Trainee: 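After the structure tokens below, expect a handful of questions from me.
Everything numeric in this text was worked out from a predicted model, so none of it was measured.
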Amino acid sequence: MKKSKRLLLLGAIFVVFLVITLIIVHMEEEKERIANTDDIVYDLDVESVTGLSWHYEDVELSFSKDEAWTYDDDEAFRVDEDKINELLEVFDDFTAAFTISDVTDLSQYGLDDPTCTIDIKTADEDITIKLGDYSTMDAERYVTFDDETVYLASNDPYESYAIELKDMLDDDEAPAFDTIEGITFTGKENYEIMYDEDLDLTYSEDDDYYTADDGKTIVLDTDRVRDYVNMIGELVLDEYMTYDVTDDELATYGLDDPEMIVSIAYTNEDSDGNKTEGEYVISISKDPSQDIESDEDEILAYIRIGDSPIIYTLDQDYYEAIMDASYDSFRHTELLWAQSEEISAIQVELEGELYTIEKREADNDDGYAWYFGDDEVDTDELIYAIEHLSVDTFISDEDPGALEISLSISIEG
């Protein structure tokens, strides 16, 4: 080969390598630039939005705003406006970790057949947002607003939008119960729990609740009353049968004549000391179409809050817990709920004989000691046994039989 031809060939090879080198350098520069991107790529004015719709898989939801948000398929649906705002705020100061410009092939990012498509309407524009594949390497999702620029989102919008209609319902919520002023039971149970912060029917300052039965006043355990109300207040009601019940439909759920109605009167106080009174009412019933033959049969129950148009399903455990509301369920189960140091004397009547053990000042530095007559006695096991005496069942109508043993405790103060 002539020298001139070899030089031309070497020159051509050099040019090829130069072009390849420039391409690689350009790609590396572009790769470095993308890797350092952390910009706000969209800033949605949430207050200006008048429409929001999205679809993923088989779910398609659409909402519109005039003065308030409504569900386009049914205006009777009570929309949770906080949830709408939460969804829109995903695109308020929306940032991307990577930006890919001048995209010609959306399929390589899963955006030719999006995982989810979101349409937002404002007074000035309509925005279509497509969510594509999830990059497992980057742990981020591909997003586009215009089909020309693709972003790897810093936060995945799909996590917020992969929801169902029930998640958009403005569920009934229980208030705080700062002070429980009283509880009224109607139906299976028919009585009232009353509140008196100065209750003088018991030696315990913690006892504030009582009820009356056949002329007798019965002191109740404050903790058990509050636990019952807190259980009702913490119910998670997110599974509903209907969100627009009619009076005629109430019978379908047994709520035209509920098994039990629980009315909780309460007072709440804000940070400024202002007090507000309220009443929280629930109605519950088993499904009237059920045929319960044994204790092993699963119970389907429903609950309604006040006059709400929403009928929720109620978990069997909660149904049974709410229905377990006889006043015996709120009484003290321990026979003595005083502290051991408050006990000043113990009297035991056995077979007609009365035995008394008293606390007196001790001759040593221990402060006090227990005496039976003039003899000092060790009462640790006795007091421990008394402190742990508890009730399994309350008997009211049955004949208790002949008295075998009687125990009386004297409390100091």
Trainee: Taking the six-membered ring for Trp, is the centroid-to-centroid distance between Tyr161 and Trp54 below 6.0 Å?
Mentor: yes

Trainee: Between Thr379 and Leu382, is there a donor-acceptor pair closer than 3.5 Å when you use the side chain of the first and the backbone of the second?
Mentor: no

Trainee: So, Glu234 side chain and Met231 main chain: donor-acceptor pair closer than 3.5 Å or not?
Mentor: no

Trainee: Could you check whether any side-chain N or O of Thr115 sits under 3.5 Å from a backbone N or O of Gly132, counting only pairs where one atom can act as donor and the other as acceptor?
Mentor: yes

Trainee: So Tyr228 and Ile264, do their side chains get closer than 4.5 Å, heavy atoms only?
Mentor: no

Trainee: Considering residues, nucleotides and ligands other than Glu75, do more than 12 of their heavy atoms fall under 6.0 Å from its CD?
Mentor: no

Trainee: Is the backbone of Glu239 close enough, under 3.5 Å, to the side chain of Thr313 for a donor and an acceptor to pair up by distance?
Mentor: yes

Trainee: Do the rings of Tyr209 and Tyr195 sit parallel, tilted or perpendicular, given the 30° and 60° boundaries?
Mentor: tilted

Trainee: Would a distance-only check, ignoring hydrogens and angles, find a side-chain to backbone donor-acceptor pair under 3.5 Å from Asp178 to Glu269?
Mentor: yes

Trainee: Could you check if a side-chain atom of Leu52 sits within less than 4.5 angstrom of a side-chain atom of Ile118, using non-hydrogen atoms only?
Mentor: yes

Trainee: Run the salt-bridge test on Arg331 and Asp328 with the 4.0 Å N-O cut-off and return the result as yes or no.
Mentor: yes

Trainee: Under 4.0 Å between a side-chain nitrogen and a carboxylate oxygen: does that hold for Asp156 and Arg141?
Mentor: yes

Trainee: Please check: side-chain N/O of Thr222 versus main-chain N/O of Asp208, any donor-acceptor pairing under 3.5 Å?
Mentor: yes

Trainee: Between Phe77 and Phe63, how do the two ring planes meet: parallel, tilted or perpendicular, split at 30° and 60°?
Mentor: tilted

Trainee: With no hydrogens and no angle check, just 3.5 Å: does a side-chain donor-acceptor pair link Asp105 and Ser107?
Mentor: yes

Trainee: Is there a donor-acceptor contact under 3.5 Å from the side chain of Arg78 to the main chain of Asp170?
Mentor: yes

Trainee: May I ask you to decide if Val348's main-chain N or O and Glu353's side chain share a donor-acceptor pair within less than 3.5 Å?
Mentor: no

Trainee: If the plane angle is over 60° it's perpendicular, under 30° parallel, otherwise tilted; pick one for Tyr191 and Tyr327.
Mentor: perpendicular

Trainee: Using the benzene-type ring in the case of Trp, are the ring centres of Tyr42 and Phe94 under 6.0 Å apart?
Mentor: no

Trainee: Return each pair, listed once, that meets side chain to side chain donor-acceptor pair (under 3.5 Å) where at least one residue sits in residues 271-286; pairs must be two or more places apart or across chains.
Mentor: Glu259-Lys286, Asp270-Asn274, Lys286-Tyr319

Trainee: Do Ile183 and Val225 come close enough that some side-chain heavy atom pair is under 4.5 Å?
Mentor: yes

